[in-house]
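Report on the following structure.
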Amino acid sequence: MASHIRRRKFLATLGGAAAALPFAARAQQPAMPIVGFVNGRSAEGSVRQAAAFRKGLNETGYVEGQNLIVEYHWLDGQYDRLPTLMADLVRRVAVIATPGSNPASLAAKTATATVPIVFGVGEDPVKLGLVASLARPGGNATGINFFGHEVAAKRLGLLHELVPKAVRIAVLVNPANAPSAEAALRAIPDAARAIGLQTQFLKASTSEEIEAAFATLLRDRADALFVAGDGFFVSRRVQLATLTARHAIPAIYSVREYVEAGGLMSYGADDLERFRQAGIYTGQILKGAKPADLPVMQSTKFEFVINLVTARAVGLEVPPTLLARADEVIE
């Protein structure tokens with residue numbers, strides 16, 4: 001009996017040692033760094049952006065699944081998740097990448113002063129408190145400024161060119177994305193007054209609130225719609241395109257995805273280039289570069305896209321001068 005027990009103990013020990021071998025072998029391999037990628041949109045609405053980010057990583061020698069892990073987090077406009085998410089990421093990741101979201105970039109900076117951050121923001125990152133200066137960021141964050149709100153006047157001007165008789169412009173903002181909403185509230189009224197337009201601000205943070213905002217827009221007889229830059233709105237681009245088409249409301253947006261979904265016009269920084277550059281900076285940081293020494297990049301390529309099918313559907317004739325300036329026309 002005793003020998004039988006001893007034999008069982010020996011086999012159990014042998015089995016445990018065998019099971020431990022792969023773990024021991026794996027422990028000798030260097031652990032792959034983890035990049036926490038956080039985006040304000042839905043996963044479905046960010047396929048090309050994620051691919052552009054990976055392309056940037058590849059250019060610096062990093063391939064997802066081979067020598068690094070990218071952990072994707074899609075907020076779909078649920079910005080209240082950020083504090084908990086960032087608290088978790090700062091404990092585990094080598095870099096936090098937030099190339100498409102002001103709220104995520106600010107939440108990352110609030111959560112850590114040590115883990116490197118690669119951001120993408122639509123406003124001056126110095127004013128936002130993300131960096132000390134554009135040339136020498138000086139802390140744990142760097143990234144790209146894509147001038148989301150500096151181009152608001154240009155976007156408004158394009159809308160006015162398309163509908164020159166418009167007087168009242170409705171502006172849709174997401175109060176849950178406070179930095180973006182506040183920047184729109186600052187910039188757009190002045191730009192509108194300069195070209196003789198009145199503005200009416202509408203707020204929405206859910207699909208139901210978007211429907212309610214349109215009910216207000218129709219009741220107050222707004223002539224056109226300006227949709228402020230926001231990841232949640234991009235995720236709801238089909239809803240917005242459908243509502244504007246149904247009610248024949250001329251609208252302009254910040255990124256081309258809206259126009260591809262049936263929206264009328266968009267003007268803004270090249271989205272894919274921004275995500276690629278963020279991937280390059282992330283790779284450089286993984287190789288040892290310090291965010292403090294990497295200058296904040298500024299978008300230089302902007303694109304103007306028009307959907308002629310939508311224009312015809314809502315009874316608008318696009319002036320030839322506007323068509324000539326478009327980078328792309330969807331027919």
Side-chain angles (χ1 to χ4, degrees), residues 33-42 46 49 53 69-150 173-187 203 205 228-235 274-275 277-279 281-282 284-286 289-298:
I34 301 171
V35 172
F37 178 96
V38 184
N39 196 293
R41 306 181 186 181
S42 63
S46 307
Q49 284 75 17
F53 180 73
I69 296 165
V70 181
E71 195 175 284
Y72 298 95
H73 298 273
W74 313 105
L75 299 172
D76 196 14
Q78 296 174 4
Y79 300 117
D80 56 346
R81 290 172 46 204
L82 280 167
T84 303
L85 173 60
M86 290 301 173
D88 173 54
L89 290 179
V90 298
R91 291 197 297 267
R92 303 185 292 104
V93 305
V95 181
I96 299 173
T98 59
S101 174
N102 281 16
S105 301
L106 292 167
K109 186 65 176 171
T110 300
T112 179
T114 53
V115 177
I117 299 162
V118 178
F119 59 72
V121 291
E123 293 140 74
D124 181 350
V126 177
K127 287 183 181 174
L128 288 174
L130 290 167
V131 296
S133 77
L134 299 181
R136 294 192 65 79
N140 64 318
T142 188
I144 303 100
N145 177 8
F146 54 89
F147 301 108
H149 300 289
E150 283 87 343
V173 298
N174 181 359
N177 183 348
S180 177
E182 287 163 9
L185 285 163
R186 284 194 308 270
K203 297 178 181 179
S205 301
D230 175 69
F232 170 69
F233 289 157
V234 179
S235 300
R274 176 189 0 141
F275 277 79
Q277 292 286 0
Y281 260 12
T282 300
Q284 289 176 349
I285 289 166
L286 289 171
K290 291 182 168 54
D293 302 327
L294 293 173
V296 173
M297 289 180 281
Q298 301 186 67

Main-chain N/O of Val38 paired to Thr98 side chain as donor or acceptor, under 3.5 Å: no

Determine whether Phe233 and Asn177 satisfy the following criterion, side chain to side chain contact (heavy atoms under 4.5 Å, CB included), listing intermediate values before the conclusion. CA-CA 11 Å; Phe233 289 157; Asn177 183 348; over 6 Å; no

If you define the side chain from C-beta out and look only at heavy atoms, does anything of Leu89 sit under 4.5 Å from His73? yes

Derivation of the side chain to side chain contact (heavy atoms under 4.5 Å, CB included) call for Thr84 and Arg81: CA-CA 6 Å; Thr84 303; Arg81 290 172 46 204; over 6 Å; no

Can you give me the closest heavy-atom contact between Ala132 and Val126, atom names plus distance? O-CG1, 3.8 Å

Ignoring hydrogens, what is the shortest heavy-atom contact between Leu130 and Ser105? Give both atom names and the distance. CD2-O, 3.7 Å

Going by heavy atoms in the side chains, are Phe275 and Asn39 under 4.5 Å from each other? yes

Under 3.5 Å, side chain of Ser235 to main-chain N/O of Asp76, donor-acceptor pair present? no

State whether Asp293 and Arg136 are salt-bridged, where the test is any N-O pair (Lys NZ or Arg NE/NH1/NH2 against Asp/Glu carboxylate O) under 4.0 Å. yes

Heavy-atom closest pair (Val90 atom, Ala87 atom, distance to 0.1 Å) is CG2-O, 3.3 Å

Can you tell me how the ring of Trp74 sits relative to the ring of Phe37, calling it parallel under 30°, perpendicular over 60° and tilted otherwise? perpendicular

With a 4.5 Å limit on heavy-atom distance, are the side chains of Pro137 and Pro291 in contact? no

Here the pair of heavy atoms bringing Asn174 nearest to Ser205 is OD1-OG, 2.8 Å

Residue from Ile144, Thr142, Val95 passing side-chain contact (heavy atoms from CB on, under 4.5 Å) with Tyr281: Thr142

Side chain to side chain, Asn140 and Thr114, heavy atoms closer than 4.5 Å: no

Could you check if a side-chain atom of Pro125 sits within less than 4.5 angstrom of a side-chain atom of Leu134, using non-hydrogen atoms only? yes

Which value, rounded to the nearest 0.5 Å, describes the distance between Leu85 atom CG and Asp80 atom CG? 11.5 Å

Val296 and Phe119: CA distance, side-chain angles, deciding distance, side chain to side chain contact (heavy atoms under 4.5 Å, CB included) verdict: CA-CA 9 Å; Val296 173; Phe119 59 72; 4.0 Å; yes

Any chance you could lay out the side chain to side chain contact (heavy atoms under 4.5 Å, CB included) test for Thr110 and Met86, step after step, and finish with the verdict? CA-CA 9 Å; Thr110 300; Met86 290 301 173; over 6 Å; no

Val131 and Ala141 have their tightest heavy-atom pair at CG1-O, 3.4 Å

Output for pair (Leu106 CG, Ile117 CD1), nearest 0.5 Å, gives 9.5 Å

To the nearest 0.5 Å, atom CG of Leu82 lies from atom CG of Leu75 at 5.0 Å

Report yes or no: do Asp230 and Tyr79 form a side-chain donor-acceptor pair below 3.5 Å? yes

Heavy-atom pair of closest approach, residues Ala94 and Leu286: CB-CD2, 3.8 Å

Calculate, to the nearest 0.5 Å, the distance between atoms CZ and CE belonging to Arg274 and Met297 respectively. 11.5 Å

Can you find a pair of side-chain heavy atoms, one from Val35 and one from Val93, that are under 4.5 Å apart? no

Rounded to the nearest 0.5 angstrom, the CD-CD distance for Glu182 and Glu123 is 8.5 Å

